[in-house]
Amino acid sequence: MTEEKSANFLEEIVEKDLEAGKYKHIITRFPPEPNGYLHMGHAKSICLNFGLALKYGGKTNLRFDDTNPVTEETEYVEGIKNDIKWLGFNWSDEFYASDYFGKLYEFAVTLIKNGLAYVDDSTSEEIAKQKGTPTQPGTNSPYRDRSIEENLQLFAEMKAGKYKDGEKVLRAKVDMAHVNMHMRDPLMYRIKHAHHHRTGDTWCIYPMYDFAHGQSDSIENITHSICTLEFVPHRALYDWFIEKLNIYPSHQYEFARLNMTYTVMSKRKLLKLVSEKYVDGWDDPRMPTISGMRRRGYTPESIREFCDKIGIAKRENLIDISLLEFCVREHLNKIALRRMVVVDPLKVVITNYPEGKSEMLSSENNPEDHDAGSREMPFSREIYIEQDDFMEVPAKKYFRLAPGQMVRLKSAYIIRCEEVIKDASGKVITVNCTYIPESKSGSDVSGINVKGVIHWVSIAEALPVEIRSYDRLFNVENPALIDDNMLDALNPDSLNKKIAYAEPSLKNATADERFQFMRTGYFCIDSDSTKDKLVFNRTVTLRDTWAKEGKK
RNA sequence: UGUCCUAUGGUGUAAUGGUAACACUGCAGAUUUUGAUUCUGCCUUUCUAGGUUCGAAUCCUAGUAGGACAACCA
C-alpha cells in the first residue's frame, strides 16, 4: 500500500551517511528563536527535521535559540512547544542555547588563548565600515592585534559588567579580506545589560547566532543541522569555529524556505501585522501561523500532508495556497459532520403543509463514513433556504428554485415554487411553495426526479449563530515583493462576520468537532464562542463549480 | 562590477547518462438527494549556446535570468 516516494536531497544525504557508517543513528534539531509564534514555514522545517529522524531512526531535539534577551519571551516558548505538539511531533530533549552560555564562554576564552579572537572597542559604525563591501575587502580594526593577555582581561571585564552596552565586542580573528563577508572578523559576543527569560541577570554578554548555533549543535552531537538558504554563507564560519575549537563536527545543510501565495511568511512581517493590529493576534485565523490555522480549523494531518506534498529542494518557490486548501478539504471531507446552515436566508412557506405541524427527519452525518451515523432535524411549514438558491428569472443551467420549478430539500421533500411575494421595493421576501408528500427522503414514491438539491432549516427551531468567513490576507500573489509597503496590499475584506441560521443539533457542537455546512464549506467552533452565542470559523469553502460558471 | 546558491508545464516536485512523470490549478465530461465527494479525459514542461557521449533534464564550459551576502537579529 505504501507507495515508494523518491527521496529528497536531504534524505539522500542521510541515506548515504548511514550506508557509509558515518553515523549509527541521526540526530536533528528544531531551533526556533522564542521571539514570535511559529508559522507554516516552521511547519515545513518541523516536518523535515522530525520526519528525517522518524524515517531513518534517530531523534530530534527542540532547542530554543535564545541568545537575544531583548526580543525573547517565555510566552513564545510555551506557544512554540504547544504548536509542535499539536502538529503531532515529540522532541527527544528540550534544550536552550542559554543552557550553554557557560560552555560558550569557555569556547570563547579558548579562541582568545589561541590568538583567534580579540576584544574590539570600535563602534558598530566603525565595524560596519571595516567590513568593506561584497566587492571590496575590509580593513583591520586598530584593536585587532591586542595581546592575548589583554584580550583575556578585557573579555573577563566585559563579562563582569565593567562596560556599557555597545562599548566593546568580542570578534573572531579570521580574515578581513575574505571574499565571504561573514568571515571578516565576525562578532562573537556583544554586551547587553538585559534580563534574559531564563538566565535572568546572570549574564551581560550574549553570544551572537554564529557563535552559538553551531556550537550548540556540536554539544548536542547533531549529525544533520538543517536550516534555510539564507544561512549558506554562514556555513564557512560554522565549520571554522568547529575546526578551531576541535569539537564534534556537526554539519549544516540548507533548503529553500516556504513561500505561499497571498500571504507573508516572515516573523518580522507577521509581528508587524499583530502589533499594529491589522489582525487580531498571532492566532488570528487569517494568519499563516500554526496557531492561526489551528484556530481556523485546519487539522494537523492536513498540514503534514501539505508539507509532504510541497517537497524539499533548494530553489526559491511560491506555493499556490490552493494546494493547502486541497489538503485540508481532502481530510475534512473524510471526518467532518454534515450540517445544514442557511447563511443568507430567504423565507419559504410550504402552503400545503399543515400549520403547527412539524416532523423530525433523519439525515446522515457523513456520506463518506457510514459509521458516523445520522441525526434528526425538524421540518415544518416555514423554512429558510439560501437566497442564492432562488432566482425569479433563472439563469441558464440553473437547477434550483424558480417560479414553477422544483427542487429537493436535502433529506426532506421535493417542493415546487408557486408564488413569489415581494416588498414595496420589489425585493423578494417570501416564496410560497407546495410540497409533494410522497417525495419524502428514504421513502420517495413520487417518481419525480429533480436535479437540484438544496439545504434548508426550519425557522421555528433555527439556531442563530455567528459565522466568520475568511478570505486571503493580501490582494497580491506575492506581498513579499512589495516589502516596503506591504500594508497597501492588505485585503480589506479578509474577514466577514454574519449571523446565520443553523439546524438545532449544532447547539451541542464542541471545539474539537469539524463540520461541513452542506454546500457552503467546512467550519469549526471559534474560541470566542460562548454558550449563548456560538461562533463558527469557516476553515475553507467547498469547491464551487457553479460559482465559477457565474464568473464566466 | 566579487563570492556563493538556483534554473524541468501556470504552481510545486520527480526522473540519479537510456521513452520527461506525479500532484495542485485550469478546462471538458460521467456519476451524484451536497453544482461537494468520486471517476474519466484534455491543456501545458527540461533557460540559451557550445562540448563530452551510441545516447544528456542529468556530466563539462560559457552565457543569461533569479536569489543570498556589507544587523552589536536569528
Side-chain angles (χ1 to χ4, degrees), chain A residues 5-8 12 31-33 35 65-68 70-72 97 120 123-124 127-138 165-171 178-182 184 187-192 205-206 208-210 212-213 227-236 254 256 261 267-268 309-327 329-330 333-334 338 340 363-364 367-368 397-400 407-412 414 439 441-442 444 449-455 477 516-521 541-549:
Chain A
K5 226 194 127 193
S6 52
N8 63 50
E12 283 180 4
E33 185 192 7
N35 67 346
D65 236 329
D66 56 350
T67 57
N68 186 358
V70 190
T71 55
E72 295 154 4
D120 195 335
T123 65
S124 60
I127 289 175
K129 199 172 267 176
Q130 289 161 19
K131 290 254 174 177
T133 71
T135 52
Q136 290 171 306
D165 287 10
E167 217 176 311
K168 285 180 168 39
V169 292
L170 184 73
R171 297 176 73 176
H178 202 287
V179 67
N180 180 342
M181 303 265 323
H182 292 274
R184 320 241 262 227
L187 271 60
M188 293 165 57
Y189 269 92
R190 76 287 217 195
I191 300 170
K192 277 180 193 279
I205 56 171
Y206 292 92
M208 299 287 290
Y209 166 85
D210 284 309
H213 197 96
C227 59
T228 46
L229 252 25
E230 64 269 30
F231 291 96
V232 168
H234 293 251
R235 193 173 61 232
E254 311 87 9
T261 53
K267 246 196 271 182
R268 203 193 90 241
K309 275 182 155 53
I310 58 177
I312 300 291
K314 293 186 76 161
R315 64 184 116 144
E316 302 286 331
N317 58 79
L318 182 61
I319 309 282
D320 195 330
I321 192 79
S322 61
L323 180 60
L324 217 207
E325 294 180 341
F326 170 83
C327 292
R329 283 190 188 111
E330 187 180 44
N333 177 50
K334 290 186 195 134
R338 312 295 133 122
M340 292 199 224
S363 190
E364 56 189 341
E368 308 288 322
K397 289 192 281 182
Y398 185 80
F399 45 82
R400 303 177 192 174
V407 283
R408 153 85 56 191
L409 295 175
K410 172 70 188 171
S411 298
I414 294 172
S439 66
S441 265
D444 185 350
N449 260 324
V450 293
K451 182 125 171 111
V453 179
I454 65 175
H455 61 282
E477 251 200 353
Q516 184 199 99
F517 293 175
M518 298 192 83
R519 304 204 308 135
T520 303
T541 60
L542 254 35
R543 280 186 62 211
D544 189 350
T545 49
W546 172 247
K548 279 179 197 158
E549 192 76 22

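What you see below is based on every heavy atom in this structure, not just the backbone, and it leaves out hydrogens, waters and symmetry mates.
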Heavy-atom donor-acceptor pair, A:Thr135 side-chain to B:U1 base, under 3.5 Å
no
The single option from A:Glu549, A:Arg543, A:Lys548 passing side-chain contact (heavy atoms from CB on, under 4.5 Å) against A:Trp546
A:Glu549
Expressed as a whole number of angstroms, how long is the span from A:Asp320:CG to B:C22:P?
20 Å
Partner nucleotide, any strand, of B:A23 [Watson-Crick/G-U, under 3.5 Å]
B:U11
Send over the distance from A:Arg315 CZ to B:U46 P, rounded to a whole Å.
14 Å
Considering only atom P, compute the distance from B:G66 to B:C60 and round it to an integer number of Å.
24 Å
Atom CD of A:Glu316 and atom P of B:U11: how far apart are they, to the nearest Å?
14 Å
Electrostatic pair A:Arg171:A:Asp120 at N-O distance under 4.0 angstrom:
yes
Both distances under 3.5 Å, Watson-Crick or G-U wobble: report the partner of B:U48, or none.
B:A62
A:Lys548 has a side chain; which of B:A68, B:G26, B:U34 sits nearest to it?
B:G26
Tell me whether A:Arg338 is salt-bridged to A:Glu364, with the criterion being a basic N under 4.0 Å from an acidic carboxylate O.
no
Between P on B:U6 and CG on A:Asn317, what's the gap in Å once rounded to a whole number?
14 Å
Which whole number of Å gives the distance between the P atom of B:C72 and that of B:A15?
41 Å
Roughly, in whole Å, what's the span from CZ in A:Arg543 to P in B:A28?
12 Å
Salt bridge A:Asp210-A:Arg235, side-chain N to carboxylate O under 4.0 Å
no
Using both distances under 3.5 Å as the test, list the Watson-Crick or G-U wobble partner of B:A68, or none.
B:U3
Just how far, in rounded Å, is P of B:U34 from CZ of A:Arg400?
13 Å
Output, in order, the C-alpha distance, side-chain angles, deciding distance and verdict of side-chain hydrogen bond (donor to acceptor under 3.5 Å, both in side chains) for A:His455 and A:Arg519.
CA-CA 8 Å; A:His455 61 282; A:Arg519 304 204 308 135; 3.3 Å; yes
Which nucleotide wins on minimum distance to the side chain of A:Pro233, given the candidates B:U6, B:A36, B:C69?
B:C69
Nearest to the side chain of A:Lys410 - B:U34, B:U37, B:C73?
B:U34
Testing B:C24, B:A36, B:C73 for proximity to the side chain of A:Asn68, the answer is B:C73
Near-parallel close stack of A:Tyr209 and B:A74 base (under 5.5 Å, under 30°):
no
Length of the CZ-P vector between A:Phe517 and B:U34, whole Å
19 Å
To the nearest Å, how far apart are A:Asp210 CG and B:C69 P?
13 Å
